[in-house]
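Down below is the structure, laid out as structure tokens.
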Amino acid sequence: EIPLKYGADRLGKRSDAAMQKFRDNRLGAFIHWGLYAIPGGEWNGKVYNGAAEWLKSWAKVPSDEWMKLMDQWNPQNFDARAWAKMARQMGVKYVKITTKHHEGFCLWPSKYTKYTVTNTPYKRDILGELVKAYNDEGIDVHFYFSVMDWSHPDYRYDIKSKEDEEAFSRFLEFTDNQLKELATRYPTVKDFWFDGTWDASIKKNGWWTAHVEKMLKDLVPGVTINSRLRADDYGKRHFDSNGHLMGDYESGYERRLPDPVKDLKVTRWDWEACMTVPENQWGYHKDWTLSYVKTPLEVLERIVHAVSMGGNMVVNFGPQPDGDFRPEEKQLAESIGRWMKKYGECIYGCDYSGWEKQAWGYYTRKGKDVYMVVFNPPYSKHLVVKTPVGTEIVKAVTVNGGKDVKITETARNEYNVDMPDKDPGEPFVIKLETKEKTSETDKYRDALT
Ligand SMILES: Cc1ccc([C@@H]2N[C@@H](C)[C@@H](O)[C@H]2O)cc1
């Protein structure tokens with residue numbers, strides 16, 4: 001291994017209670033809310049089909065013109081308690097909120113910039129109201145923070161001169177101040193999820209990313225930090241130059257998931273995926289017909305897929321400029337919540353099973369219990385299960401029904417699990433109780449080939 005000053009400061013998964021809670025939460029929601037919600041993807045009469053929160057970039061709007069949107073920031077239908085109730089009903093255990101996205105507009109009254117909610121007709125501390133409302137519902141709050149800040153004159157994409165160096169040094173101090181402000185104003189924050197850290201300017205300042213991780217962990221004991229913040233001595237990001245994960249969990253699975261067969265390496269570390277419901281809209285876009293919009297079942301499958309590989313899943317919501325949610329997102333939350341109420345025990349506190357994936361769906365595991373989450377019932381009416389060597393199935397029951405399900409041993413470490421008598425008409429869950437195999441001898445003979 002090569003010596004590093006700013007590489008991973010820990011090998012292996014964190015094992016403290018705060019990280020266990022992060023892991024057990026499993027299902028989160030993203031809130032992308034900022035000035036970009038006002039134009040909603042349209043500028044000067046032209047609708048752009050790129051990500052709505054990047055409209056300033058697509059339409060090449062100068063920052064001072066873009067920030068004039070603050071005069072229109074007045075979300076009269078914003079109700080933090082209603083947002084928190086919707087999150088509880090969806091069954092999310094945490095919410096990640098964009099405190100400041102690339103545009104530089106702050107949802108909290110930062111004293112380090114004029115681009116905040118204070119200087120809008122609305123005035124109120126939206127972030128503070130959301131932190132309280134979510135926490136009151138027993139929901140953890142995570143802060144999304146974009147290091148790249150299009151509104152700040154000292155931001156630099158690269159460091160090519162002494163002037164760049166001096167400006168960027170001022171920018172890093174400004175960023176430190178905002179992060180300290182967030183950590184001290186909202187001490188119940190459980191996580192910082194950094195974005196906007198891919199530019200050369202950050203890669204050349206790996207030391208600063210290590211300093212931010214340490215500063216926040218000193219200010220908020222137990223807080224978790226995503227790998228995307230981190231660059232090492234050589235500008236290597238997420239995994240340091242020795243291949244060790246930096247931060248507390250990998251945060252590279254944005255709008256994509258690891259393959260359940262080819263990418264099993266991810267089960268060795270903690271990771272969290274995040275996803276959009278349309279193809280690529282994080283912020284509010286007025287026209288969702290411009291790309292495919294995932295159905296609740298397609299969102300659910302991604303949630304289960306992530307948990308089956310020992311990861312978390314964060315489903316994105318882009319609130320409207322008036323502070324309410326679009327009907328499609330309310331329906332999604334309601335639909336996922338209905339499923340979680342019945343079957344959520346296969347998600348919360350669950351992890352990778354170590355069992356070989358089958359076509360009918362995904363496994364998750366909690367202790368000695370293995371859950372079968374069935375998305376694709378087979379014409380054979382038998383769900384094939386292959387247990388690891390030394391493990392046998394004692395019992396199978398339906399979750400949310402408690403009915404026994406017949407299991408037939410078909411070969412060594414192979415079983416047919418019957419489908420429930422009545423087709424649930426939706427993805428359903430069977431809980432397998434397992435135990436270590438008592439005897440190694442059995443009636444099966446391997447072929448001689
Ligand atoms: C190329 C690109 C850069 C940044 C993003 C941001 N990361 C997501 C989590 C959103 O915040 C999106 O704006 C997406 C694509």
Side-chain angles (χ1 to χ4, degrees), residues 23-27 90-91 93 257-261 264 267 295-313 335-438 442 444:
R23 204 177 286 131
D24 286 348
N25 283 347
R26 286 302 184 215
L27 175 59
M90 177 174 169
K93 301 294 184 189
L257 281 170
D259 181 277
V261 175
L264 284 175
T267 62
T295 64
L297 281 184
E298 289 168 331
V299 172
L300 177 68
E301 174 150 8
R302 285 164 174 78
I303 295 167
V304 176
H305 178 157
V307 178
S308 79
M309 298 185 76
N312 286 19
M313 174 55 88
S335 167
I336 296 290
R338 256 202 324 272
W339 195 89
M340 288 296 159
K341 246 179 227 58
K342 291 192 261 184
Y343 306 105
E345 72 176 81
C346 77
I347 297 293
Y348 308 123
C350 291
D351 210 324
Y352 167 56
S353 66
W355 293 23
E356 186 185 305
K357 170 120 178 36
Q358 300 296 327
W360 43 258
Y362 303 85
Y363 292 112
T364 65
R365 178 183 57 75
K366 192 180 302 174
K368 294 171 69 61
D369 291 335
V370 170
Y371 293 97
M372 299 168 66
V373 191
V374 182
F375 284 88
N376 318 304
Y379 285 111
S380 68
K381 298 276 178 261
H382 292 137
L383 302 163
V384 173
V385 172
K386 297 181 180 174
T387 60
V389 171
T391 298
E392 64 185 62
I393 300 174
V394 177
K395 191 168 181 295
V397 290
T398 56
V399 169
N400 180 55
K403 290 218 173 7
D404 274 5
V405 168
K406 183 162 167 275
I407 42 179
T408 311
E409 190 181 277
T410 55
R412 181 177 297 142
N413 293 109
E414 291 192 24
Y415 299 82
N416 277 350
V417 175
D418 281 13
M419 287 280 291
D421 304 340
K422 199 164 71 61
D423 177 0
E426 62 184 2
F428 62 90
V429 182
I430 291 171
K431 179 164 82 170
L432 303 175
E433 283 162 41
T434 67
K435 74 177 173 62
E436 292 316 296
K437 255 200 170 113
T438 38
D442 59 29
Y444 303 108

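It should be emphasised that the depicted structure is a prediction, and the values quoted were computed from it without experimental measurement.
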Please answer whether the main-chain N or O of [Y] pairs with a side-chain N or O of [X] as donor and acceptor at a distance below 3.5 Å.
X    : Y    : answer
Q358 : E356 : yes
E298 : T295 : yes
W339 : L297 : no
W360 : V384 : yes
R365 : Y352 : yes
K406 : N416 : no
D418 : V405 : no
H382 : Y415 : no

**OP:** Among K386, E436, K368, K437, find the residue that satisfies the side chain to side chain contact (heavy atoms under 4.5 Å, CB included) test when tested with T391.
**Re:**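 So, applying the side chain to side chain contact (heavy atoms under 4.5 Å, CB included) to T391 and each of K386, E436, K368, K437, only E436 qualifies.
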Any [X] side-chain heavy atom under 4.5 Å of [Y] side chain:
X    : Y    : result
F428 : K342 : no
L264 : M309 : yes
W355 : T387 : yes
I407 : V385 : no
E433 : D369 : yes
L257 : M313 : yes

Looking only at non-hydrogen atoms, find the nearest pair between [X] and [Y] and report the distance.
X    : Y    : value
M419 : P377 : CE-CB, 3.4 Å
V394 : T434 : CG2-C, 4.0 Å
N413 : P388 : ND2-O, 3.2 Å
T364 : V307 : CG2-CG1, 3.9 Å
M340 : M90  : CG-O, 3.8 Å
A359 : N376 : O-ND2, 2.8 Å

Original post:
Between E392 and K435, is there a side-chain N and carboxylate O pair less than 4.0 Å apart?
Top reply: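 Counted as a salt bridge, because a side-chain N and a carboxylate O are separated by less than 4.0 Å.
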Separation of [Y] [atom2] from [X] [atom1] (nearest 0.5 Å):
X    : Y    : atom1 : atom2 : result
I347 : K366 : CD1   : NZ    : 9.5 Å
R338 : L300 : CZ    : CG    : 11.5 Å
L432 : Y371 : CG    : OH    : 10.0 Å
C346 : R26  : SG    : CZ    : 12.0 Å
I303 : N312 : CD1   : CG    : 11.0 Å
E414 : Y444 : CD    : OH    : 9.0 Å

Subject >> Pi-cation contact, Y363 with K357 (under 6.0 Å, within 45°) >> reply: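 No, K357 does not sit over the ring of Y363.
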**OP:** Count the heavy atoms of every other residue, nucleotide or ligand shown that sit under 6.0 Å from NZ of K403, and state whether that count exceeds 12.
**Re:**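 Count not over threshold, so no.
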Original post:
Side chains of E426 and Y343: do they bring a donor and an acceptor to under 3.5 Å?
Top reply: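 E426 vs Y343: donor-acceptor pair found between side chains.
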